[in-house]
Amino acid sequence: MIVIGGLSSIWGPLLGAAVLMLADEGMRELSDYRNIGLGRLLPIFVIAWPNGLNGWLQRSRTSRG
């Protein structure tokens with residue numbers, strides 16, 4: 001949750017938990033590959049958004065205004 005959401009505020013882990021929950025529910029039909037899909041999600045977030053989604057959202061807000 002912290003890797004996906006980010007550690008910069010209380011909203012980061014909450015956002016990460018929501019994303020993981022939605023991903024887990026979305027992969028419910030693929031029961032055999034569910035853990036593989038969730039495991040692949042973590043490196044994607046680490047590479048694409050090293051500060052998590054919350055860090056990315058904060059950076060996009062400051063660049064706009």
Locate the shortest heavy-atom distance separating N51 from R59; write the atom from each residue and the value. ND2-NH2, 4.1 Å
What do you reckon, is CG of L30 surrounded by more than 12 foreign heavy atoms closer than 6.0 Å? yes
Hydrophobic clusters join Ile, Leu, Val, Met, Phe, Trp and Tyr when side-chain heavy atoms are under 4.5 Å apart, directly or via other members; which others share one with L22? none
Is there any salt bridge (Lys or Arg N to Asp or Glu O under 4.0 Å) pair reaching into residues 27-51, and which pairs are they, with sequence neighbours excluded? D24-R34, E25-R28
Heavy-atom side-chain contact between I4 and W49 under 4.5 Å: no
Please determine whether the number of non-hydrogen atoms from other residues, nucleotides or ligands lying under 6.0 Å from atom CE of M1 exceeds 12. no
Results of side chain to side chain contact (heavy atoms under 4.5 Å, CB included) for A18 - residues two or more places apart only: none
Name each donor-acceptor pair under 3.5 Å that joins a side chain in residues 9-16 to protein atoms two or more places apart or in another chain, with its distance.
residue: S9; atom: OG; partner: W11; partner atom: N; Å: 3.2
residue: S9; atom: OG; partner: N54; partner atom: ND2; Å: 2.7

Check whether V46 and L41 end up in the same hydrophobic cluster, where Ile, Leu, Val, Met, Phe, Trp and Tyr are linked by side-chain heavy atoms less than 4.5 Å apart. yes
Treat each ILVMFWY residue as a node, draw an edge where side-chain heavy atoms are under 4.5 Å apart, and state whether L42 and L38 are in one component. yes
Tell me, which pairs form a salt bridge (Lys or Arg N to Asp or Glu O under 4.0 Å) where one or both residues lie in residues 42-55, sequence neighbours left out? none
With M21 via side chain to side chain contact (heavy atoms under 4.5 Å, CB included) - residues at least two apart: none
